[in-house]
Participant: 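Can you keep this structure in mind? I'll have questions shortly.
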Amino acid sequence: MTLWQETVTSLSQKLRAGELSAAETTRAFTERIESIDPSLGAFLEPMTAVATERAQALDALDETKRGPLHGVPIAVKDIISVAGSRCTCGSRILEHYVPVYDATVIERLHAAGAVVLGKTNMDEFAMGSSTENSAFQTTKNPWNIDRVPGGSSGGSAAAVAARLAPAALGTDTGGSIRQPAALCGVVGLKPTYGRVSRYGLVAFASSLDQIGPMCQTVEDAALLLETLAGDDPKDATCATRPVPSYSRELDADVAKLRLGIPKSATGEGIDDSVRASFDDAVRLFESLGVETEAIELPSTEHAVACYYLLATAEASSNLARYEGVRYGLRNGATKALREMMAETRAEGFGPEVKRRILLGTFVLSAGYYDAYYQKAQRVRSLIAKDFENAFERVDAVLMPTTPTPAFPIGDKVDDPLSMYLMDIFTITANLIGAPALSFPAGFSENGLPVGVQLVGRHFDEATILQLGHQFQQSSDFHCKAPDLSR
Amino acid sequence: MDKLDDREVRQLAELAHLALSDDERASFRGQLEAFLGYAERIQALNTVGVEPTSHALLEAGLEGGSRLRDDRPRESLDRKAVLDQAPDASDGLFKVPKVLP
C-alpha cells in the first residue's frame with residue numbers, strides 16, 4: 001500500500017513509531033494535490049509551504065513528545081479559522097479575509113501533532129448540497145467528474161475520496177458532512193450538538209452547526225473525534241462532560257443492540273440503488289446479531305420545511321455581520337453608510353445566500369414570526385419527541401444518508417426546492433441535536449457510492465461508532481477508491 | 001400563504017440590507033413563493049400545547065445553553081491585527097462612510 005492510501009489510524013501508528021517521517025508524509029499528499037487536484041477542485045488554498053515547515057518541525061520533536069496524530073496531514077473546510085491563512089467560506093465577501101486566531105479544533109489538531117494541509121472548497125457559507133454555490137470553483141466528484149461531490153463540505157469529501165488527504169474537517173448544519181461523505185464514498189460524523197467546540201467556526205445557523213471528521217474508516221472517525229471533542233470555555237454552547245475513548249471501545253459487543261428502521265426510510269422518491277444498499281445494510285447488521293425493529297417517526301416528513309424555516313432565520317441574523325465595516329469586502333465606499341452596506345452585500349453574496357437571507361428575514365418579520373418561525377420551533381419539538389420515543393426502544397436509528405447517489409453538475413442549481421429535498425434524511429439529526437454517522441454501504445449500477453447513516457442518542461457517539469466499525473469489519477465498500485487515471 | 005408581491009420583496013431586501021436588481025427581485029419572489037408553498041404543510045400539524053425548541057439539548061433535559069463565566073479582564077485579540085482586516089480603519093477604530101446621505 002502506498003503512503004497516500006493509508007488511513008489516519010495506520011499513518012499515525014507508523015509516524016509515532018518513526019517508520020515514516022512527517023515531512024515525507026506531508027510531501028506525499030502535497031504532491032498528490034498538485035498533480036490531481038486541478039481536475040477535481042477540492043482545495044481552495046493548499047498550504048504546502050506552511051504544512052511542509054510544520055512537518056519538518058514535528059520531525060525535529062523529541063520522540064516522547066509525539067501526539068496521537070503526530071505528522072498526520074488533515075484538510076480543513078474553508079469555514080474554520082486557521083490563523084494566517086485565508087478563510088473565505090466560499091464567498092466573495094470574505095475573499096481576502098485572514099483570521100488572526102486558530103479555531104479551537106485547529107488548536108487541538110495542532111496539539112495532537114496533526115498538519116493542516118490546506119483549505120477545502122464549500123458551498124458559500126455552507127449553504128448548499130452540491131458545492132456548486134462556491135463563489136470560486138466547482139468541485140467534481142472523484143467517482144465521476146460530471147457529478148457533484150455533494151455539499152456543503154464537498155471539497156473535504158472529494159479530497160478524502162481522492163486520497164488527497166487521509167482526513168478532513170467538515171461542518172454539518174443540515175447534513176453538510178454526511179451528505180457529501182455519502183456521495184463521495186467516505187465516512188462522515190456529525191457529533192452531538194455541543195460535543196465539539198465551535199470557537200473559530202464561521203456561524204451559519206447556531207442552533208444546528210457542528211464540526212466533525214471526514215475520513216476513510218469509522219475507526220479513524222473515532223480517533224479524530226477524541227482529539228476534537230471536549231469542553232471549551234470559549235464556546236458557551238460546548239458540553240462540559242468528559243470525552244470517552246471512542247477508539248478503544250470500538251470492538252464492544254454489538255449483538256443484542258437494537259436498531260430502529262424508520263418506515264419512511266425506503267419510501268417514495270428514493271433511488272433503487274439506495275433502497276437496495278439500505279436493505280443490504282439492514283441484513284448485514286442482523287447478521288452481526290443486531291436486532292432490528294420498524295419504527296415510526298411521523299413528524300419527520302415535515303423536517304425539510306421546519307429546517308429551512310429555522311436555518312434561514314438564524315442565517316439572516318448571523319450574516320448581518322458582513323456589512324463592509326469590520327472585515328471583508330466593502331463596495332460603494334463613496335456612498336452613505338446604509339447604501340455602502342447594501343451594495344457590499346449585493347456584490348459579496350451569491351444567489352443562494354441572498355435567497356436564504358431573504359427567506360430568513362421573511363420568517364422573522366412581524367406578522368409571520370408566529371406562523372412560520374415559532375410554528376417551526378414547535379414542529380422541531382415534535383420531531384425531537386418522535387426520536388425520544390424511538391430511543392426508548394432502540395439504541396440507534398438506521399437511515400439512508402441521501403435519497404439518491406450523486407447527481408449531475410448543473411442538475412438542480414436552478415431549482416432550490418429540489419436541492420433542499422436532498423437533505424430529507426440528514427436534517428433530522430441536526431434538528432434534534434443528536435450524533436449521526438454516515439458510511440459507505442454500496443454502489444449504484446453506474447458505480448456511484450451510496451451511504452447509510454446511524455443516528456444515536458445524545459452524546460452516545462460510542463454506540464454508533466461501534467456499530468459502524470463492525471459494519472466495516474464485515475464489508476469492504478470503504479476500501480474501494482475511485483479510479484483517477486481516466 | 002398569500003402570494004408575495006414585489007413591494008414585500010423590496011421591503012425584505014431593505015430590511016436585510018441587500019441592494020437587488022429588478023430581475024433578482026422577480027426571481028427570488030418566485031423561489032420564495034415556491035418554498036413557502038411547500039412549507040405550508042407544517043400549518044396542518046397540531047402543535048397546541050407543544051413548546052417551541054430553540055436549543056435541542058436544553059429541550060432534551062441535557063446540558064447546554066449559555067454558561068456564565070467570571071467577569072474578569074483577560075487577554076483579547078491584538079487590536080492592530082484585527083483592524084488590519086477592516087476595509088478602513090484609523091486611530092485604532094473602524095472607519096465608516098458618512099452616516100447621513
Side-chain angles (χ1 to χ4, degrees), chain A residues 97-98 100-101 193-194 207 233 236-237 239-241 299 302 305-306 308-309 316 323-330 333-343 345-346 354-355 357-359 361-362 365 371-372 374-382 384 388 416-417 420 431-433 458-459, chain B residues 1 4 8-9 11-21 24 27-28 31-32 34-47 50-57 59-60 62-69 77-78 81-88 94-101:
Chain A
Y97 168 64
V98 180
V100 299
Y101 63 96
Y193 184 76
S207 82
T237 59
T240 54
R241 63 179 65 203
S299 301
H302 299 282
C306 174
Y308 278 93
L309 292 169
S316 72
E323 25 54 328
V325 174
R326 287 165 291 174
Y327 29 62
L329 184 76
R330 172 177 290 186
T334 58
K335 302 194 172 157
L337 182 66
R338 283 184 64 101
E339 283 171 280
M340 180 280 283
M341 289 178 174
E343 287 188 21
R345 291 160 65 79
K354 289 179 186 171
R355 189 151 47 229
I357 289 174
L358 288 174
L359 179 57
T361 305
F362 172 85
S365 56
Y372 288 97
Q374 214 167 55
K375 181 77 181 183
Q377 285 190 313
R378 293 183 205 276
V379 174
R380 187 176 184 178
S381 304
L382 291 178
E388 204 181 304
L417 184 55
Y420 298 170
L431 288 171
I432 67 173
H458 293 116
F459 295 107
Chain B
M1 163 79 220
L4 280 175
E8 282 177 292
V9 179
Q11 198 194 350
L12 288 176
E14 200 177 303
L15 287 169
H17 287 85
L18 280 172
L20 299 181
S21 67
E24 279 183 305
S27 116
F28 287 141
Q31 289 161 343
L32 292 183
F35 177 76
L36 291 169
Y38 170 80
E40 200 60 29
R41 61 180 57 202
I42 68 166
Q43 305 303 341
L45 271 177
N46 182 0
T47 52
V50 178
E51 288 297 312
T53 292
S54 57
H55 187 301
L57 268 54
E59 293 308 315
L62 293 159
E63 67 166 330
S66 319
R67 284 189 282 140
L68 299 178
R69 57 174 161 72
L77 297 176
D78 178 70
V82 170
L83 287 172
D84 278 350
Q85 290 299 315
D88 199 5
F94 295 111
K95 200 172 169 189
V96 298
K98 59 186 175 181
V99 176
L100 295 171

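Basis for what follows: all heavy atoms, side chains included, without hydrogens, waters or symmetry-related copies. All values reported here derive from a predicted model rather than from experimental measurement. Just so we're on the same page: letters track the sequence lines, and every chain starts at 1.
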Participant: If every non-hydrogen atom of B:A39 is compared with every non-hydrogen atom of A:A305, which pair is closest and at what distance?
Facilitator: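 So the two residues come closest at CA-CB, 3.8 Å.
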Participant: By a 4.5 Å heavy-atom criterion (distance strictly below it), what part of A:Y308 contacts chain B: side chain, backbone, both, or neither?
Facilitator: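 Both backbone and side chain.
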Participant: Tell me, do B:I42 and A:L309 make a side-chain contact under 4.5 Å, heavy atoms counted?
Facilitator: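 Sidechains of A:L309 and B:I42: in contact.
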Participant: So which atom in A:L337 and which in B:V96 form the shortest heavy-atom distance, rounded to 0.1 Å?
Facilitator: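 That closest heavy-atom pairing would be CD1-CB, 3.6 Å.
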Participant: When only pairs under 4.5 Å are counted, which of A:R380, A:R326, A:E323, A:M340 shares the most heavy-atom pairs with chain B?
Facilitator: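 Top count of heavy-atom pairs under 4.5 Å with chain B: A:R326.
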Participant: Give me the atom names and distance for the closest heavy-atom approach of B:E40 to A:Y372.
Facilitator: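 For B:E40 versus A:Y372, the nearest heavy atoms are OE1-OH, 3.4 Å.
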Participant: Under 4.5 Å from any heavy atom of chain A, what part of B:Q43 do you find: side chain, backbone, both or neither?
Facilitator: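 Both the backbone and the side chain of B:Q43 come within 4.5 Å of chain A.
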Participant: I need the A:R330 CZ to B:K95 NZ distance, nearest 0.5 Å.
Facilitator: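 Answer rounded to 0.5 Å: 9.0 Å.
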Participant: Can you tell me which portion of B:L12 sits under 4.5 Å from chain A's heavy atoms? Options are side chain, backbone, both or neither.
Facilitator: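 Contact with chain A: backbone and side chain both.
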Participant: Are any non-hydrogen side-chain atoms of B:S54 and A:Q377 less than 4.5 angstrom apart?
Facilitator: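 Answer yes - side chains close enough.
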Participant: Please check: side-chain N/O of A:S381 versus main-chain N/O of B:E51, any donor-acceptor pairing under 3.5 Å?
Facilitator: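 Such a contact is found between A:S381 side chain and B:E51 backbone.
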Participant: Less than 4.5 Å to any heavy atom of chain A: does that hold for the side chain of B:E24, its backbone, both, or neither?
Facilitator: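 Interface part for B:E24: side chain.
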Participant: Can you tell me how far NE2 of B:H55 sits from OG1 of A:T237, rounded to the nearest 0.5 angstrom?
Facilitator: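 Nearest 0.5 Å value for the OG1-NE2 distance: 6.0 Å.
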Participant: Which bit of A:Y327 is near chain B, if near means a heavy-atom gap under 4.5 Å: side chain, backbone, both or neither?
Facilitator: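 For A:Y327, the contact with chain B is made by backbone and side chain together.
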Participant: Yes or no on side-chain contact (heavy atoms from CB on, under 4.5 Å) for A:F362 and B:L32, after CA distance, side-chain angles and deciding distance?
Facilitator: CA-CA 9 Å; A:F362 172 85; B:L32 292 183; 5.6 Å; no
Participant: Against chain B, label A:L417 side chain, backbone, both or neither, depending on which of its atoms sit under 4.5 Å from a heavy atom there.
Facilitator: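 Just the side chain, heavy atoms under 4.5 Å.
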Participant: If I take atom CG from residue A:L358 and atom CZ from residue B:F35, how far apart are they, to the nearest 0.5 angstrom?
Facilitator: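 If we round to the nearest 0.5 Å, A:L358:CG and B:F35:CZ are 13.5 Å apart.
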Participant: With sequence neighbours excluded, tell me which residues meet side chain to side chain contact (heavy atoms under 4.5 Å, CB included) with B:H17.
Facilitator: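 Partners of B:H17 under the side chain to side chain contact (heavy atoms under 4.5 Å, CB included) test: A:R338, A:M341, A:R345.
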Participant: Just wondering, do A:I432 and B:T53 contact through their side chains at under 4.5 Å, heavy atoms?
Facilitator: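 B:T53 does not reach A:I432 side chain to side chain.
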Participant: Does any heavy atom of chain A fall under 4.5 Å from the side chain of B:L77, the backbone, both, or neither of them?
Facilitator: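 For B:L77, the contact with chain A is made by the side chain alone.
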Participant: Looking at A:V379, A:L329, A:V325, which has the largest count of heavy-atom pairs under 4.5 Å with chain B?
Facilitator: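 It is A:V325.
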Participant: Write down the atom of A:V98, the atom of B:Q85, and the distance for their closest heavy-atom approach.
Facilitator: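 Looking at all heavy atoms of both residues, the shortest contact is N-OE1, 2.9 Å.
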Participant: In terms of heavy-atom proximity below 4.5 Å to chain A, should B:L18 be classed as side chain, backbone, both, or neither?
Facilitator: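 Contact with chain A is through both the backbone and side chain of B:L18.
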Participant: What heavy-atom pair brings B:L57 and A:H458 nearest, and what distance separates the two atoms?
Facilitator: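 Closest heavy-atom pair between B:L57 and A:H458: CD1-CD2, 3.7 Å.
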Participant: Relative to chain B, which segment of A:A384 carries a heavy atom at a distance below 4.5 Å: side chain, backbone, both, or neither?
Facilitator: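 For A:A384, no heavy atom lies under 4.5 Å from chain B.
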Participant: Applying side chain to side chain contact (heavy atoms under 4.5 Å, CB included), can you list everything that pairs with B:A19, at least two apart in sequence or on another chain?
Facilitator: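 Listed in chain order: A:A342, A:E343, A:A346.
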Participant: Side chain, backbone, both or neither: which part of A:T361 has a heavy atom under 4.5 Å from chain B?
Facilitator: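 It is both, since atoms from each part get that close.
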Participant: If you define the side chain from C-beta out and look only at heavy atoms, does anything of B:D78 sit under 4.5 Å from A:V100?
Facilitator: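 A side-chain contact is absent here, since even the closest heavy-atom pair is not under 4.5 Å.
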Participant: I'd like to check A:S365 versus B:Q11 (side-chain heavy atoms, cut-off strictly below 4.5 Å). Are they in contact?
Facilitator: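 A:S365 vs B:Q11: side chains apart.
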Participant: Which atom names give the shortest non-hydrogen contact between B:A56 and A:G433, and what distance separates them?
Facilitator: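 Heavy atoms of B:A56 and A:G433 come nearest at CB-N, 3.8 Å.
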Participant: Output the distance between atom NZ (A:K375) and atom CG (B:L45), rounded to the nearest 0.5 Å.
Facilitator: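 Atom-to-atom, A:K375:NZ and B:L45:CG are 6.0 Å apart.
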